[in-house]
Amino acid sequence: MVIKETGGVKRMNICVTASGEGLDSKVDPRFGRCSYFVIYDPETRRVESVSNAAAFASGGTGIKAAEIIANAGVDVLLTGTVGPNAFSIFSELGINVQVGVKGTVQEAIRQYEAGELQSLQSPNSTPGFGMRKGNGMGKGMKGGGVGRGIDRDN
Amino acid sequence: MKIAIASGKGGTGKTTVSLNLALSLSDVQLFDCDVEEPNCNLFLGFDLEKVEDVVCPVPVINQEKCSICRQCSDFCRYNALAALPDRVLFFPSLCHGCGGCAVLCSEKAIQESQRSLGVIEKAKGESSPEFYRGLLNIGETMTSSVIKTLKKYIDDRKTAILDAPPGTACPVIASIGDVDYCVLVTESTPFGFHDLRLAVDVVRSLKVPFGVIINRWGLGDSRVEEYCKAEGIPILLKIPNDLKIAELYSRGIPFVREMPEWNEKFLGMFEAIKLQLADTEEART
């Protein structure tokens, strides 16, 4: 995990995938297709909401979304499902991914701090998964899930 | 002349029609464009040989030259490149090989390499019909590239029959996009009818003249016939829901081989298609 040294104080940014802005919005367990990334710094209590520009991409959404949060300096990601492409980026950068979020962003951060979330060791979704509506999110599917490949061809 | 055999719904009889039509004509080429699962040769049993590797150009990034300017990753509409804080990562399976990243790179940090997508195969020696097929690598999604490469082997002096993949998505467009005529094979069931209408929308958008074959005729109801009548769509052929045809299929035998009366029906359909095309041409001028 990357822990930044800022003026001698160890800082760590936590990112929660959410359906809206701010700490009171609901979490969205779909990593690549969530609407917002709410980034929280526990030291300064600063909250920043970044719109997910990748949410409506036809393909490669996880890659683009992972690129956004990697460049936002996130160290811990709290979400529900992550596909193989995004997961490989997090592994490369040492971003700690925790899954099993419920409720609001604030509650997810509390769940993380209380050690109630699970650290993700391998991808738990497939490309195109977030495209599905009512996909039984948060049921703890392991490797694979129910994803359907989206047609990336031209 | 290029004739594509397509359908909305899968399993309606595209391969059956393609094979039997090709076997009824002379001086004909047959192309299996269903490159994800080409099955024509199950019925033909030809010895095949590879005639071409289908490849896609992909970028190789020299991380030492790369300044992480993000131009390549911002440009890539398929999101195959991720510009991370300390390097650019490439995801080959998403790359469509447009080459834009290499053109844009101001540091000249991107070289091109090649990624294999599949192969084109041909029946060895002289065969009747002359047979070609594409075969997409397992796990690969660049279906249309293989189909487009396969279609380079069409000889304009001959009649080309193209067995298209099912559905209405990109591989179908790649298969039927530039043909002279499209035969839509359907069955008069709720699913067959629903997907036929989707397929009709596609061929109309592409402005490809078309007609319909009702397979397993007698099954289901009359809704396909009523629809075609109302829309002015010619019904080219009705293939009955016949036990003998089904049995021959299950043994891997195109039914014209055992039921020679069908040779004439397919030949008649071919003549009807030519007439329809002549009429369309006349109406245009």
Side-chain angles (χ1 to χ4, degrees), chain A residues 1-4 11 13 15 31-33 37 39 50 52-75 77 82-95 97 123 125-131 144 147-154, chain B residues 33 35-36 54 56 61 63 68-101 117-118 134 136-149 165-175 177:
Chain A
M1 191 191 307
V2 181
I3 296 176
K4 289 180 194 65
R11 290 185 52 204
N13 280 327
C15 171
F31 167 67
R33 295 198 185 269
F37 300 112
I39 301 169
V50 179
N52 179 10
F56 297 104
S58 64
T61 316
I63 293 170
K64 220 62 204 169
E67 187 188 76
I68 294 168
I69 70 161
N71 288 305
V74 166
D75 307 298
L77 171 68
V82 174
N85 292 331
F87 188 83
S88 69
I89 292 177
F90 299 142
S91 302
E92 280 277 323
L93 298 177
I95 293 175
V97 183
S125 183
T126 49
F129 179 81
M131 299 280 280
R148 98 188 143 78
I150 44 169
D151 194 0
R152 292 184 213 94
D153 221 335
N154 54 2
Chain B
C33 297
V35 302
E36 291 179 38
V54 186
C56 166
I61 300 160
Q63 301 290 354
I68 318 176
C69 70
R70 312 184 54 88
Q71 280 203 85
C72 59
S73 104
D74 287 345
F75 172 77
C76 183
R77 62 170 293 197
Y78 297 103
N79 297 332
L81 292 159
L84 305 179
D86 62 343
R87 88 206 84 152
V88 174
L89 279 188
F90 172 56
F91 291 84
S93 66
L94 293 168
C95 176
H96 281 55
C98 75
C101 53
L117 302 177
L136 185 73
N137 290 346
I138 290 171
E140 181 53 60
T141 58
M142 293 274 286
T143 314
S144 301
S145 291
V146 177
I147 296 170
K148 283 173 192 163
T149 309
T168 51
C170 303
V172 176
I173 311 295
S175 302

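On a predicted model such as this, the values are computed, not experimentally measured, just so you know. To find a chain, count down the sequence lines: A is the first, B the second, and so on, and within it residues start at 1.
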For [X] versus [Y], what's the shortest heavy-atom pair and its separation?
| X | Y | result |
| --- | --- | --- |
| A:L93 | B:P85 | CD1-CD, 4.4 Å |
| B:D74 | A:K64 | N-NZ, 4.4 Å |
| B:N79 | A:A57 | ND2-CB, 3.5 Å |
| B:A82 | A:I63 | CB-CG2, 3.7 Å |

What do you reckon, is CZ of B:R77 surrounded by more than 12 foreign heavy atoms closer than 6.0 Å?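 Not more than 12 within 6.0 Å, no.
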Partners meeting side-chain contact (heavy atoms from CB on, under 4.5 Å) with B:C69 (sequence neighbours left out):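 Result, side-chain contact (heavy atoms from CB on, under 4.5 Å) vs B:C69: B:S67, B:Q71.
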Where on B:L84 is there a heavy atom nearer than 4.5 Å to chain A: the side chain, the backbone, both, or neither?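 Both backbone and side chain.
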Checking B:L81 against chain A: side chain, backbone, both or neither under 4.5 Å from a heavy atom?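 Contact with chain A is through the backbone of B:L81 alone.
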Sequence neighbours left out, what passes side-chain hydrogen bond (donor to acceptor under 3.5 Å, both in side chains) with B:N137? Give chain and number order.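 Once residues adjacent in sequence are excluded, the partners of B:N137 under the side-chain hydrogen bond (donor to acceptor under 3.5 Å, both in side chains) criterion are B:S116.
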A:N85 side chain reached by B:L94 side chain, heavy atoms, under 4.5 Å: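 In contact.
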